[in-house]
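Only one structure is covered here, and it is reproduced in the block below.
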Amino acid sequence: MRDSARPEHEIEIPQSFREMPRWWSDGTEWLDSLPGRIADKCADWRLRPDGSALHGSNAIALTVTRDGVLLPLRLTPPHSSFQLEIDALRFGDGRGTVLLFEHDSDAGAMLLERLETTETLASAPLIDAVPVIARLMRRLAVPANDSDVPSTADVVEARAGMLGADWERLVKPFDRTILAQTLKIAQDLRATPRNDAVNGDLHFDQILAGRREPWLAVDPVLLRGDIEYDLARILWTRLDEMNDDDEILFHFETVAREAQLDRERAGKWVLYRSVDYWL
């Protein structure tokens, strides 16, 4: 007798996912095993496939049902940082983030809350989107006292010493005074007295429309320390929509106000992260 929790039909993996560049170097062993992996998770978690699959370059999400509720089953090749993704979602516990219902680190599988995958904050007008992401930044900033969670200061400590060599290797792509200012700022950012939770990958494409709340963050990276850390990414991911320096400063001020940031420290983080990203 067929297991009632197993899919009744072979899972079809989109050809566009099979054509992703990562399989050129990684091989297709995991990709070829994916239908079986999906069937196993459907059996383990009492799921039934119910719709087509969506994917990015590294992960695939299949719409499934459990007890009549539509949910996305997300699978990605298991990797060392996958448990960190799980830890970040469990820490958030739906507070501004997508809910995690089931997880299997060894299988690279998550069962998540259903969101509107075609509607991200990146599609909202900038004037509306910036206050939303700023308020979300503040909402996520609850105490994260676990010493095993990396701090924003740790990130700077691990990277700042490489900036000068990278600048030389890339044939001095900007004025030395900018590099000197950045390295000076890094001395301050190497320490933080704060233990606020920080989403280390917060940008408009990672904020999806929800049902439980209007907007929810996906794929968070949990850090602790200065929530000003990712303000630079918020600005540069939609920089092409900003007409001049005045408009960039306007949106900077909006985030600083709505997220209740330390404005001086926010400015330091914007410079440091931008130079780091540039190099």
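Residues L75 and A107 share a closest heavy-atom pair of CD2-O, 4.4 Å. Listed here is the closest heavy atom pair of V132 and D128: CG2-O, 3.4 Å. The shortest non-hydrogen separation linking A88 to L222 is CB-CB, 3.7 Å. When all heavy atoms of V221 and N199 are compared, the pair lying nearest together is N-OD1, 3.1 Å. Counting all heavy atoms, side chain and backbone alike, F91 lies closest to P143 at CZ-O, 3.5 Å. For P49 against V64, the heavy-atom pair with the smallest separation is CA-CG1, 4.0 Å.
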Taking only distance into account, with no hydrogens and no angle test, what donor-acceptor pairs under 3.5 Å do side-chain atoms of residues 189-197 form with protein atoms, sequence neighbours excluded?
unit_1, atom_1, unit_2, atom_2, d
R190, NE, E157, OE1, 2.9
T192, OG1, R194, N, 3.2
T192, OG1, D226, OD1, 2.6
R194, NH1, E228, OE1, 3.2
R194, NH1, E228, OE2, 3.3
R194, NH2, E228, OE1, 3.2
R194, NH2, E228, OE2, 3.4
N195, OD1, R224, NH1, 3.0

Distance-only criterion, 3.5 Å: show the donor-acceptor pairs between side-chain atoms of residues 212-220 and protein atoms not counting sequence neighbours.
unit_1, atom_1, unit_2, atom_2, d
R212, NE, E113, OE2, 3.0
R212, NH1, G94, O, 2.9
R212, NH2, G94, O, 3.3
R212, NH2, T97, O, 3.1
R212, NH2, E113, OE1, 2.9
E213, OE1, R139, NH1, 2.5
E213, OE2, R139, NH1, 3.1
E213, OE2, R139, NH2, 3.1

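Proximity of a side-chain donor or acceptor of T76 to a complementary backbone N or O of N58 within less than 3.5 Å is detected. Judged by distance alone, the side chain of T65 and the main-chain N or O of G68 form no donor-acceptor pair under 3.5 Å. In terms of modelled atom types and a separation under 3.5 Å, the side chain of R114 and the main chain of L71 share no donor-acceptor contact. Using modelled atom types, one side-chain atom of S33 and one backbone atom of W30 make a donor-acceptor pair closer than 3.5 Å. Between the side chain of D154 and the main chain of S151, a donor-acceptor pair closer than 3.5 Å is present.
The number of heavy atoms from other shown groups lying within 6.0 Å of CZ (F250) does not exceed 12. A 6.0 Å sphere centred on CD of E264 holds no more than 12 heavy atoms belonging to other residues, nucleotides or ligands. Applying the 6.0 Å contact sphere to CZ of R263 captures no more than 12 heavy atoms from other residues, nucleotides or ligands. Residue D240 places its CG atom among 12 or fewer non-hydrogen atoms of other residues, nucleotides or ligands, all under 6.0 Å distant. More than 12 heavy atoms of other residues, nucleotides or ligands shown are found within 6.0 angstrom of CD on Q15.
Between the CD atom of E247 and the CG atom of L126 there is a distance of 6.5 Å, given to the nearest 0.5 Å. A distance of 3.5 Å separates CD of Q83 from OG of S105, quoted to the nearest 0.5 Å. A distance of 15.0 Å separates OH of Y229 from CG of L261, quoted to the nearest 0.5 Å. Interatomic distance, T63 OG1 to L54 CG, rounded to the nearest 0.5 Å: 6.0 Å. In this structure, CG on L73 lies 12.0 Å from CZ on R37, to the nearest 0.5 angstrom. A distance of 8.0 Å separates CD of Q181 from CD1 of I178, quoted to the nearest 0.5 Å.
In the hydrophobic clustering of this structure, L112 does not group with L47; members are Ile, Leu, Val, Met, Phe, Trp, Tyr whose side-chain heavy atoms approach within less than 4.5 Å, directly or through other members. Cluster annotation: I227 is connected to I234 through the hydrophobic network of ILVMFWY side chains, with a link wherever side-chain heavy atoms come within less than 4.5 Å. With hydrophobic clusters built from ILVMFWY side chains whose heavy atoms lie under 4.5 angstrom apart, L89 does not share a cluster with M137. Clustering ILVMFWY residues whenever any of their side-chain heavy atoms sit less than 4.5 angstrom apart, transitively, puts M242 in the very cluster that holds L202. Tracing side-chain contacts under 4.5 Å through hydrophobic residues (I, L, V, M, F, W, Y), one never reaches Y272 starting from M162; they form parts of separate clusters.
Using a 4.0 Å cut-off between a side-chain N of Lys or Arg and a carboxylate O of Asp or Glu, R18 and D32 qualify as a salt bridge. One finds no salt bridge joining E85 and R90 here, because no Lys/Arg side-chain nitrogen approaches an Asp/Glu carboxylate oxygen to under 4.0 Å. Salt bridge R48/D67: absent, no basic N to carboxylate O contact under 4.0 Å. For D230 and R233, the salt-bridge test passes: some basic side-chain N is under 4.0 Å from an acidic carboxylate O.
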Point to revise | Stepwise side-chain contact (heavy atoms from CB on, under 4.5 Å) test for H103 and L111 | key: CA-CA 6 Å; H103 60 86; L111 186 66; over 6 Å; no

Point to revise | Verdict with supporting geometry, V98 and L115, side-chain contact (heavy atoms from CB on, under 4.5 Å) | key: CA-CA 8 Å; V98 64; L115 302 180; 3.9 Å; yes

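Side-chain contact between I207 and I133 is present, with heavy atoms from C-beta onward closer than 4.5 Å. With a 4.5 Å cut-off on side-chain heavy atoms, I60 and P14 count as touching. Contact check for I38 versus K41: no side-chain heavy atoms found under the 4.5 Å cut-off. In this structure, the side chains of R22 and P77 come closer than 4.5 Å at one or more pairs of heavy atoms. For the pair V69/R66, no side-chain contact is recorded, criterion being any heavy-atom separation below 4.5 Å from C-beta on. In this structure, the side chains of L170 and K172 stay at 4.5 Å or more apart for every pair of heavy atoms. Taking 4.5 Å as the limit, some side-chain heavy atom of V275 sits within range of a side-chain heavy atom of L279. Two residues are said to be in side-chain contact when any heavy atoms from C-beta on lie closer than 4.5 Å; P78 and D106 fail this criterion.
Ring pair F17/W23 is perpendicular by interplanar angle, where above 60° counts as perpendicular and below 30° as parallel.
Outside the 6.0 Å centre-distance limit, the rings of W45 and F101 are not counted as a close aromatic pair.
When each of Y277, W278, F204 is paired with W236, the ring pair (Phe, Tyr, Trp, His ring centres under 6.0 Å) condition holds for Y277 and for no other. Exactly one residue among L239, L231, L235 makes a side chain to side chain contact (heavy atoms under 4.5 Å, CB included) with H251. That residue is L235.
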